[in-house]
Peer 1: 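Sharing a structure, written as C-alpha cells. Questions coming.
Owing to the predicted nature of the structure, the values given are computational and were not obtained by experimental measurement. Per chain, numbering begins at 1; letters A, B, ... match sequence-line order.
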Protein chains: 2
Amino acid sequence: MATKRRTEPLTPRTSAARVTVKDVAKLAGVSLGTVSNALNRPTLVAPDTLAKVQAAVDQLGFVRNSAAHQLRGGRSNSFGAIVVDASNPHVAAAIRGLEDAIHTRGASLVVCSSDGSADRERRYLQMLEEQRVQGIVITPVDRGVRRLEALRERGTAVVLLDHASAAGDFCSASVDHALGSELSARHLFDRGHRRIAFVNGPLNLRQCSARRRGARRAAATAGLNPDDAIVELNLTSISALGEVPALIEKVCAAPRGERASAVLCLDDAVALVVLRVLAEHRLRVPRDISVIGYDDVAYAALLAPALTSVRQPTYELGQAAGQLLVAEIHDGYHVHQHLNFQPELILRESDSARARLNRYDPRGG
Amino acid sequence: MATKRRTEPLTPRTSAARVTVKDVAKLAGVSLGTVSNALNRPTLVAPDTLAKVQAAVDQLGFVRNSAAHQLRGGRSNSFGAIVVDASNPHVAAAIRGLEDAIHTRGASLVVCSSDGSADRERRYLQMLEEQRVQGIVITPVDRGVRRLEALRERGTAVVLLDHASAAGDFCSASVDHALGSELSARHLFDRGHRRIAFVNGPLNLRQCSARRRGARRAAATAGLNPDDAIVELNLTSISALGEVPALIEKVCAAPRGERASAVLCLDDAVALVVLRVLAEHRLRVPRDISVIGYDDVAYAALLAPALTSVRQPTYELGQAAGQLLVAEIHDGYHVHQHLNFQPELILRESDSARARLNRYDPRGG
DNA sequence: AAATGTCATTGACACGATTCAATGACCTCG
DNA sequence: CGAGGTCATTGAATCGTGTCAATGACATTT
C-alpha cells in the first residue's frame with residue numbers, strides 16, 4: 001500500500017540542550033528577573049536593555065517553556081474538545097469554529113474523539129484535567145454528567161455541545177433538531193401538501209424523536225391531524241440506507257388518493273436514494289412528488305434537480321460553544337446559557353411550488 | 001439566529017483550591033515521595049500504604065498536574081498537527097488517523113488550522129514549541145522549511161503531511177496524486193478508450209500537475225500519444241464548478257470521430273456537474289460516455305449511475321504520519337522515510353465495460 | 001546638600017511533581 | 001549476638017518561569 005523510499009542514511013539526534021532564561025540572562029549580561037520582565041512586561045525595562053535581551057533571545061533561539069509558565073501561573077492556555085468522531089464532517093466544522101473562537105484568545109485546542117466509548121471518554125477527560133485545560137467542550141457519550149460536575153467543581157469549565165441535557169447544570173450549544181424538520185414540513189403544508197412521508201431514523205435517538213416532534217408540530221399548526229398528514233417510515237438504524245428503497249416502494253404503492261405528495265428525508269444521503277428510487281418509478285421530482293433532504297451537504301446543490309435541504313450552522317455552533325466557555329471562565333459569576341441554533345431551510349428545485357395533489361402519472365409525463 | 005434561555009440565576013465560581021501531592025501525603029499520613037512512588041512505581045510501595053494513598057487520592061479528587069510532571073521530566077506528552085483547514089473532510093479524516101496513532105501512546109493532539117496564512121502558521125508553531133510537544137505533523141503553507149529545520153534542531157520532531165517537498169530533510173507521508181489519475185486513465189485505455197477528456201484544475205497547483213503527469217503516463221504506457229489521447233480541460237480555480245458546463249459542452253460539440261469517450265474529473269463534485277450536463281445532452285452514462293470521479297465521497301456510491309471514483313486513504317495517511325513521528329522520536333538514530341500512499345480506483349457503474357467508440361446518438365437511445 | 005521620588009534592576013522564593021541518596025525497620029544467616 | 005541484606009519510606013534538591021520586596025542609581029525639589 002505504501003512505498004518506502006530511503007533518503008538520508010542516518011541522522012544523529014542533535015539533542016541540543018534546551019535554552020532557558022538563565023542562558024539568555026547570562027548572554028545579555030542581566031539578571032533572570034530582567035529577562036522575565038523584558039518578555040512579559042516590556043514597559044518596565046529600559047529600551048537598550050530590552051534590545052540586548054531581544055538579541056540574546058534571537059541568538060540562542062530561546063522559546064519559553066509553557067509548562068513552567070503554567071506551573072507558576074496556575075493556569076494553562078489550552079482548551080479541550082471531546083466529540084464522538086472528529087472526522088465526521090459536521091463535527092469537523094464545529095471543531096473548526098471552536099478552534100477559531102479560542103485562537104483569538106491565543107489559546108490552543110486539544111481534539112479528542114471518544115468513538116462513543118465511555119472508557120475512551122474517561123481517559124481523555126483525565127488527560128485534559130491533568131493538562132489543566134481552562135475548559136472543555138464535550139458531547140458526552142452517555143447521559144450521566146456526574147463526572148463532569150465533579151470536574152467543574154475542581155475548576156475546569158465545561159460546555160455541552162449538541163447534547164440536549166438541559167437537565168445538567170451546564171452551558172450548552174445545540175442545534176434545534178425539532179425546528180429543522182418543522183421548517184421543512186411547514187413549508188410543504190404551506191404549499192398545499194396534505195400528506196407527506198417522513199423517512200426518519202430510530203426514535204430512541206434523541207435527534208430522531210426531536211425531528212418527529214417538529215414535523216408533527218408543523219402538521220398541527222397547519223390544522224392537520226399529524227397521524228394522517230405524516231406517514232412515518234422509520235429506519236432501524238441511522239445508517240441503514242439499504243432499507244430506504246423498500247420504504248419508498250410502499251409510498252409509491254399507496255392508493256391514489258392516499259399517496260404522499262412529498263418525502264422528508266433523514267439526511268441528504270437518504271434523499272439521494274429516494275430520488276433514485278422515485279426515478280425508477282418514473283415519478284418526476286418535484287412535479288409529481290417533492291423531496292427535501294437534511295444537512296445540505298456540498299453536493300445537494302449539484303444534483304438534478306438541486307436538492308432542497310436543511311442547513312445546520314455547525315461552524316457557528318462550535319464557535320458559540322467556544323465563546324460560552326470563554327465567558328464562563330471570564331465572568332466572576334455566571335448565568336448558564338442554552339444556545340439553541342436554528343437550522344435553515346435552503347430552497348432549491350426538489351420541492352414543488354405547489355403540490356399537485358395526489359396526481360399519479362405512471363408515464364412520468 | 002440563536003435562542004438564549006436563561007436557567008440558573010447565578011452560579012458562584014466554586015474555585016476549589018487545587019489539591020496537590022502534599023495534601024494527599026498529609027491525609028494518607030505518608031511523605032511526598034511515597035505518594036509519588038505509589039502513583040508511578042506502585043511495586044516499590046507496601047500494599048497497605050498503597051491502599052491508604054489510593055484512598056486519599058480518591059477522597060480528595062487528586063489529579064496530577066502534568067505541567068509540573070513535564071517540568072521535572074523534561075518532556076510533554078502531546079503532539080501537534082498544523083493543517084490548512086481541519087474542517088476539510090479529507091484533512092479531518094487524516095487528523096483522526098493521527099489522533100488514533102498517538103492515542104495508543106497515551107498522548108493527546110493539538111489541532112491547528114493555518115488557513116493558508118503564514119502568519120497563523122507561525123503563531124501556532126510558536127505555541128506548540130512553547131508547549132514542548134514531542135512532535136508536529138504539518139502541511140506547510142509555503143515551500144520554505146527553514147523554520148521547521150530550526151525547530152527540529154531544537155528538539156521537536158517534524159513530519160510533513162501530504163507535501164511533496166522531498167527536498168526537505170524530513171519524514172513525510174503523502175498520497176501519490178499522479179498515480180490516482182494514472183490508475184483511472186489506464187483503466188479507460190485498457191478498456192478500449194482512445195480519447196478521453198480530463199477536467200483538471202490549474203496546473204500551477206502541485207496536485208493538478210501531478211494528476212496531469214499521471215494521466216499522460218497512462219497514455220504513453222498504452223502506446224498512445226498523450227497529446228492526442230487526452231483532451232485537457234483546465235479550470236481556472238480548483239473550485240470553479242461554474243466553468244464545468246462550458247467545458248463539457250465543448251466535448252459534446254466535438255466532431256463525431258474525435259469526441260472523447262470518457263471524462264476524467266478533478267473531483268466528485270465536478271463529476272456530478274459533468275453527469276448533469278451529459279444528461280441534458282441526452283448522453284447516457286456509461287453507455288455513450290464514461291465518467292470517473294475523484295475522492296470517492298460518501299454519495300458517489302448512491303448516484304445513478306453509481307460513480308466510479310478514486311479513493312484516497314486519508315485516514316491511513318494521518319495514521320502513518322503519526323507512526324513516523326513516534327518512530328522518529330523513539331529511534332536513537334533515524335532514517336527519514338517518504339511514505340507515498342497509493343490511491344485506489346473504486347469501480348462502479350459510471351464507466352463502461354468497453355468503450356463504444358465515438359458513437360453519438362442524440363436521442364439517448 | 002539633604003531629602004524625596006522615580007526608574008531600572010536584582011535575586012530569592014514559589015509553583016507541584018519526580019528523583020535519589022540516605023535512613024530506618026526488620027529478617028536471615030553464620 | 002552481630003554482620004549483612006532486603007524492603008519501605010523519607011525529604012531535600014530539581015526542573016524553568018513569574019513575582020515581588022528590596023536595592024541602587026539618578027533626577028528633582030526645597
Peer 1: Whole angstroms only, please: what is the CG-C1' distance between B/L32 and D/dA13?
Peer 2: 13 Å

Peer 1: Across the strands shown, which category fits A/T20 at heavy-atom distances under 4.0 angstrom: base, sugar-phosphate, nothing?
Peer 2: sugar-phosphate

Peer 1: On DNA chain D, nearest-nucleotide positions of B/S31 versus B/L71: which is more 5'?
Peer 2: B/S31

Peer 1: Which pair of heavy atoms, one from A/A38 and one from A/V53, lies closest together, and at what distance?
Peer 2: CB-CG1, 3.8 Å

Peer 1: Tell me: CZ of A/R18 to P of D/dT17, nearest whole Å?
Peer 2: 10 Å

Peer 1: Can you check whether A/I136 reaches A/F79 side chain to side chain, under 4.5 Å on heavy atoms?
Peer 2: no

Peer 1: Distance check needed: D/dG16 P versus A/K26 NZ, whole Å only.
Peer 2: 12 Å

Peer 1: Check whether A/S66 reaches the backbone of A/H69 with its side chain - one donor and one acceptor, N or O, closer than 3.5 Å.
Peer 2: no

Peer 1: Give the first and the last nucleotide of DNA chain C, reading 5' to 3', that has any atom under 4.0 Å from a heavy atom of chain A.
Peer 2: C/dA8 to C/dG16

Peer 1: Check whether any side-chain heavy atom of B/R152 sits under 4.5 Å from a side-chain heavy atom of B/D169, and report yes or no.
Peer 2: yes

Peer 1: Do A/R64 side-chain and D/dT17 base share a donor-acceptor contact under 3.5 Å?
Peer 2: no

Peer 1: Below 4.5 Å, heavy atoms only, C-beta onward: do A/V137 and A/I82 meet side chain to side chain?
Peer 2: no

Peer 1: Measure from the side-chain heavy atoms of A/N40 and tell me the nearest of D/dC15, D/dG18, D/dT10.
Peer 2: D/dG18

Peer 1: Across the strands shown, which category fits A/V35 at heavy-atom distances under 4.0 angstrom: base, sugar-phosphate, nothing?
Peer 2: nothing

Peer 1: Any base atoms under 4.0 Å from B/R41, or only sugar-phosphate, or nothing? Heavy atoms, all strands.
Peer 2: sugar-phosphate

Peer 1: If I take atom CD in residue B/E129 and atom P in nucleotide D/dG16, what distance separates them, rounded to the nearest angstrom?
Peer 2: 15 Å

Peer 1: Report the distance from atom NE2 of A/H69 to atom C1' of D/dC15, rounded to the nearest whole Å.
Peer 2: 16 Å

Peer 1: Considering every strand and a 4.0 Å limit on heavy-atom distances, what is the contact class for A/G73: base, sugar-phosphate, or nothing?
Peer 2: nothing

Peer 1: Which is true for A/S36 with a 4.0 Å heavy-atom rule: it touches a base, it touches only sugar-phosphate, or it touches nothing?
Peer 2: base

Peer 1: Examine B/Y124 together with A/H103 and report whether their ring centres are nearer than 6.0 Å.
Peer 2: yes

Peer 1: Are the side chains of B/V326 and B/R105 in contact, using a 4.5 Å heavy-atom criterion?
Peer 2: yes

Peer 1: Rounded to whole Å, how long is the line connecting atom CG of B/L44 with atom C1' of D/dT10?
Peer 2: 13 Å

